[in-house]
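To start, the structure under review is shown below, and the notes come after it.
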Number of protein chains: 2
Amino acid sequence: MKNIQGKELDQPIVIDCSIEKALNIIGSKWSFLILRELFTGTKRFSELQRAINGVSPKALTDALRHMEENEILVRTVYPTVPVKVEYSLTEKGQDLHKIIKEMKYWGAKWG
Amino acid sequence: MKNIQGKELDQPIVIDCSIEKALNIIGSKWSFLILRELFTGTKRFSELQRAINGVSPKALTDALRHMEENEILVRTVYPTVPVKVEYSLTEKGQDLHKIIKEMKYWGAKWG
DNA sequence: TATCTTACTATAAATTTTATAGTAGATATA
DNA sequence: TATATCTACTATAAAATTTATAGTAAGATA
C-alpha cells in the first residue's frame, strides 16, 4: 500500500500533515464504506461484499488488510467449515466515527 | 470522473448513501489536500502545486476541474500575461471544513 | 456423485495515474 | 538578437493500479 504521494508506507518519510496521516491510515475510498458498515457492528466478509455496491473481492481484501495492519479493525477467524471470518472496529477505528458522521451530514445537506 | 463504484457520474444511477454522495462530490484523495490549502484562503495553481507534495499538474488540474464542476470551488481567470488563475472555496466548499477538521484531529491523535 | 458454501487468491485485461516534455505569449536578461 | 523566464496548463507514452473473472480448499448436503 502506498501513501498519498505514491511512496511505500514503510519508507522512512516524515509526514507532518495530520490530514495526510489520517488519509494514509484509512487507506482507500473503499475503507470509508467498510467503516460505514462496521459502525453498526461486526460483519463477515460476504456481508461486507453484499453491502458495498461495486467492490471486487480483491479490493475488499486489500482494504481490510490495510485497515487491519493499521489497527483500525480486527480480523477474527473461526475454524469452521466453511471458515467464518469476522471484522470489527478497534477503539482507533471507532474513533473515526466523527469523520464519517460529518461526511454523512454534508452529503445529506449538499449531495 | 467516475463515482466510487466506477460508473460515470452523469449516468442515471441513484445513490442513497450520503457518505458515498460526499465522496463522489469531493472526488479524489488530492481534493482533501486542495481543501486543506484553500481553507486558509484563495490560492493560485502554482501555489497549490508547491504546497501539495507529489501532485502532478494533470492530477491537480483534474481535481480542480472536478471540484469546480461540483461547485466546491470557483475558478477566476485574470487575463494578464502570464495569465493568473485563482481558486477559492464556495459556501458548499467551506462547509466541508468540519470533515477536514475531524480528520486533522484524528490524525493528530492516532497518526 | 454433484453441488453448495465461505473467504478468499491468481491471472490477465482494463483503467487510471504519473512522469515528462511541450505550449502560448509577453517580458527580462546577456 | 538570442535566449531565458513566467504561468497554467495540455499531450503523450509509460507505469501502476484496479477490476473482472475464474479458481481453490474442504466439508456438508441432496
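To find a chain, count down the sequence lines: A is the first, B the second, and so on, and within it residues start at 1. This one's a predicted model, so the numbers in the text were calculated from it and none came from an experiment.
Aromatic ring pairs are classed by plane angle as parallel below 30°, tilted from 30° to 60° and perpendicular above 60°; the pair B/Phe45 and B/Tyr87 is tilted.
In this entry the distance linking CG of A/Leu48 with P of C/dT6 reads 13 Å, nearest Å. In this structure, B/Asp62 atom CG and C/dT15 atom P are separated by 17 Å, rounded to whole Å. Rounded to whole Å, the distance from CZ on B/Phe45 to P on D/dC6 is 16 Å. The NZ-C1' distance, from A/Lys29 to C/dT15, rounds to 11 Å in whole Å. The distance between atom OH of B/Tyr78 and atom P of C/dG25, rounded to the nearest whole Å, is 22 Å. Rounding to whole angstrom units, CD of residue A/Glu68 and P of C/dA7 are separated by 14 Å. For B/Arg50 and D/dA8, the CZ to P distance is 9 Å, given to the nearest whole Å. In this structure, A/Ile52 atom CD1 and D/dT18 atom P are separated by 16 Å, rounded to whole Å.
If you check every strand for non-hydrogen atoms under 4.0 Å, B/Tyr87 touches sugar and phosphate atoms only. At a threshold of 4.0 angstrom between heavy atoms, the contacts of B/Lys58 include nucleobase atoms, whether or not backbone atoms are also involved.
Side-chain proximity of B/Trp30 to C/dT18, C/dA7, D/dC9: nearest is C/dT18. Residue B/Pro82 places its side chain closer to D/dC6 than to any other of C/dC8, D/dC6, C/dT18.
Side-chain N/O atoms of B/Arg44 include one lying less than 4.0 angstrom from OP1 or OP2 on D/dA8. One finds a side-chain N or O of A/Arg75 lying less than 4.0 angstrom from the OP1 or OP2 phosphate oxygen of C/dC8.
Between the CG atom of A/Asp95 and the CH2 atom of B/Trp106 there is a distance of 8.0 Å, given to the nearest 0.5 Å. Of the inter-residue distances, the one linking A/Ile72 atom CD1 with A/Met67 atom CE reads 5.0 Å to the nearest 0.5 angstrom.
Comparing B/Ala59 and A/Val81 by the nucleotide of DNA chain C whose heavy atom lies nearest to each, the residue mapping closer to the 5' end is A/Val81. Closest-nucleotide positions on DNA chain D for B/Leu64 and A/Ser56 were compared, and the one nearer the 5' end corresponds to B/Leu64.
Panel note: side chain B/Lys43, backbone B/Glu37; a donor-acceptor pair is recorded below 3.5 Å. A donor-acceptor distance shorter than 3.5 angstrom exists from the side chain of A/His66 to the backbone of A/Ile25, with no hydrogens or angles considered.
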